[in-house]
Amino acid sequence: MPDDAAMSNHITSGFDYDLLVVGGGINGAGIARDAAGRGLSVLLVEQDDLAAHTSSASTKLIHGGLRYLEHYEFRLVRKALAEREILLRQAPHIAWPMRFVLPHEAHLRPMWMIRAGLFLYDHLATRSWLPGSRSIDLRRHVAGMPLRDEYARGFEYSDGWVDDARLVVLNAMDAAARGAHILTRTRLTHARPCGSGWVARLESAAQSKQVHVRAIANAAGPWAQALLAGPFAQAQPRTLRLVRGSHIVVPRIFEHGYAYIFQHIDGRVVFAIPYEGAFTLIGTTDYEVRDPKQTQPSEDEITYLISAANRYFVTPLKREQVVHAFGGIRPLLDDGANAAAVTRDYALELNNDANAPLLNVFGGKITTYRRLAEEALSMLASALGCTAGAWTAHTSLPGGDLPTTHDPQQGFSAYVAALSARFPRHPPRQILRLARTYGTFAEAMLADERSNVCADVGPAELEHAFKREWARDADDFLWRRTKLGLHLTPEARIRITEWFSNAGA
């Protein structure tokens, strides 16, 4: 970043950047990527780590939202279903299809209603390779084995799973590769219109600087309203409800690869999903909070999720089996509904000041982030003099340029097989983990012959996370760039901590 004297010259003679994006979650990273790919100069600032908050604490689903059909949100479901296949193609290393099983309980939702909902779900958007829904006999189906005997009938349908935090990082990496500047642990503390554009003050632990930008995108998620009231000192055009979604991680409950969607007695749905090989992820809740920092799941929420699982599984879960719990704050548009029914759609609002454009992003969900970014750039294009068109629908994310096949996961399997043949000295589990995490970047890590720092974590992987993925401490690496925090021993985690301490020295 230029020094203060140079900055003052920039302000009088031109702009430092076309677009300042505030927020390093999925929406901010997606907007930065789209804008950079259209030839705009972009600066993204994030007050903490990339995906440090909501975007690493989702249920990690790429889905249309089957339950949203009950609230007649057909437009949102259609849009999300269309995005589902785009994302599965763009990042087959971190996103893959998953079959979901819905045990039937007649007193909660009649069978005809579920059949009708699944028919709509199958046909609201094109499916190129994902199989459609069907009814199943849980007494004969493998997914019925862990369930209690009273669940005899059910349904299965297709959706997808994604590593949410890595999705954010890959968007930021692609934005940077196209010229964007990404600053983590940097806060926007003040912004004011200045002639044409904005002067924004940025602060980090190392420095305080100001930049002159043509437009700003407020993609701060749960902090979007606070950003307007604080640094921008503007009225808040939308009311957001901050709703915590909490999850628990327990040792693997079932051996098969299906996921479950359970209907709880209060009408909500709870997912139980295969997670990280050795675990099951169970979530989520809808608990309204006032502060975006209130992410820690309450004991009541943990009890709620255990209770929901115990209504279905033969072997009851106990509190001491919870090995990890996390929560994320969803910034939902306030439409007056109860927390579980509040819309998951988004709203983009551009102010009327042509000289100082400010785009506010309210709401949204992981699945529709790319469409949100595309719409955001369409709204900003005129103010920024940008004539380049939409481009992200057909471009792979970093590491996702795998062999092209009709089914992206066949291409991924072929890539893993090729890596195994090329690097026979590496254990298959390490090859699969690196390929699943980094895609085509895994080759350089497997080719590195230096000794591992710990377990199967080599220095090349840590260097990649530090130099190319903005990981700055052990938590960044263990819980967001990877999920190794669930697997490594305390001693191994200490080694990772020491490595980052030395890297930042």
Side-chain angles (χ1 to χ4, degrees), residues 24-26 29 44 46-58 60 91 93-95 162-176 182-186 204-205 247 249 275-279 281 295 323-326 328 397-399 426-427 429-448 450-505:
I26 188 58
L44 181 147
E46 160 57 42
Q47 65 179 346
D48 296 306
D49 181 32
L50 295 173
H53 302 290
T54 306
S55 294
S56 61
S58 75
K60 309 180 195 317
H93 53 316
I94 65 162
V162 67
D163 186 325
D164 50 6
R166 288 212 61 77
L167 183 63
V168 176
V169 170
L170 296 189
N171 273 270
M173 288 176 67
D174 203 26
I182 311 294
L183 297 180
T184 61
R185 293 167 170 82
T186 301
S204 67
H247 303 76
V249 179
Y275 189 55
E276 286 292 305
F279 302 96
L281 176 69
T295 58
V323 298
H324 182 54
F326 63 89
L397 286 162
H426 288 276
R429 71 174 189 281
Q430 183 187 27
I431 291 174
L432 179 59
R433 181 184 74 78
L434 291 175
R436 270 288 176 221
T437 306
Y438 303 102
T440 52
F441 290 104
E443 296 175 38
M445 299 172 194
L446 291 167
D448 187 84
R450 289 173 290 174
S451 299
N452 286 342
V453 174
C454 64
D456 64 358
V457 180
E461 180 178 4
L462 294 170
E463 288 165 0
H464 175 89
F466 183 81
K467 295 176 180 178
R468 305 188 71 166
E469 297 189 350
W470 300 276
R472 290 296 175 265
D473 61 30
D475 275 357
D476 293 353
F477 178 77
L478 292 171
W479 295 104
R480 287 180 287 278
R481 305 307 181 276
T482 71
K483 297 297 182 289
L484 287 170
L486 286 169
H487 301 280
L488 294 181
T489 64
E491 292 76 16
R493 292 198 294 269
I494 290 172
R495 297 289 300 275
I496 299 293
T497 300
E498 291 172 346
W499 189 93
F500 277 98
S501 296
N502 293 328

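Source: prediction; values computed, not measured. Every heavy atom of this structure was used, including side-chain atoms; hydrogens, water molecules and symmetry mates were not.
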**Item:** Donor-acceptor pair, side chain of T497 and main chain of A474, under 3.5 angstrom
**Value:** no

**Request:** Measure the shortest side-chain to side-chain distance between D476 and F466 over non-hydrogen atoms and say whether it is less than 4.5 angstrom.
**Result:** no

**Asked** Looking only at heavy atoms, what is the nearest atom pair of H93 and T437, with distance?
**Response** CD2-O, 4.0 Å

**Message:** Less than 4.5 Å apart, side chain to side chain, heavy atoms only: is that true for D174 and L170?
**Reply:** no

**Validation row: L281, F326 side chains within 4.5 angstrom (heavy atoms)** = yes

**Whether R166 side chain and R481 backbone form a donor-acceptor pair below 3.5 Å** = yes

**Message:** A side-chain contact here means heavy atoms from C-beta on lying under 4.5 Å apart; do F441 and M173 qualify?
**Reply:** yes

**Item:** Spacing of CD1 belonging to I94 relative to CZ belonging to R436, to within rounding of 0.5 Å
**Value:** 10.0 Å

**Request:** Name all residues meeting the side-chain contact (heavy atoms from CB on, under 4.5 Å) criterion together with W479; count only those two or more places apart in sequence or in a different chain, and write none if there are none.
**Result:** H324, D475, L486

**Asked** Out of curiosity, L50 CG to R472 CZ, how far, rounded to the nearest 0.5 Å?
**Response** 10.0 Å

**Item:** Partner residues of E276 under the salt bridge (Lys or Arg N to Asp or Glu O under 4.0 Å) criterion, sequence neighbours left out
**Value:** none

**Prompt:** Are F477 and H464 close enough that their ring centres sit under 6.0 Å apart?
**Reply:** no

**Asked** Can you check whether T482 reaches E461 side chain to side chain, under 4.5 Å on heavy atoms?
**Response** yes

**Message:** I want to check something: taking the side chain as every heavy atom from C-beta on, are L167 and L397 in contact at a cut-off of under 4.5 Å?
**Reply:** yes

**Message:** Please give me the minimum heavy-atom distance between A51 and S56, naming the atom from each residue.
**Reply:** O-OG, 2.6 Å

**Message:** Looking at every non-hydrogen atom in both residues, tell me the closest pair between D164 and A57 and how far apart they are.
**Reply:** OD2-N, 3.6 Å

**Asked** Looking at P459 and S451, what are the two nearest heavy atoms and their distance?
**Response** CD-O, 3.2 Å

**Request:** Could you check if a side-chain atom of W470 sits within less than 4.5 angstrom of a side-chain atom of R480, using non-hydrogen atoms only?
**Result:** no

**Request:** Can you see which heavy atom on A460 is nearest to which on M445, and at what distance?
**Result:** CB-CA, 4.0 Å

**Message:** Strictly distance-based, threshold 3.5 Å: is any side-chain N or O of T186 a donor or acceptor partner for the main-chain N or O of S204?
**Reply:** no

**Request:** Using a 4.5 Å cut-off on heavy atoms from C-beta on, say whether the side chain of N452 contacts that of V457.
**Result:** no

**Fill in**
For G24 and L44 the tightest heavy-atom approach is CA-CD2, 4.0 Å

**Request:** Would you mind checking if D163 and K483 are paired as a salt bridge, meaning a charged N to carboxylate O distance below 4.0 Å?
**Result:** yes

**Request:** Say whether, by atom type as modelled, one donor and one acceptor occur between the side chain of D448 and the main chain of A444 under 3.5 angstrom.
**Result:** no

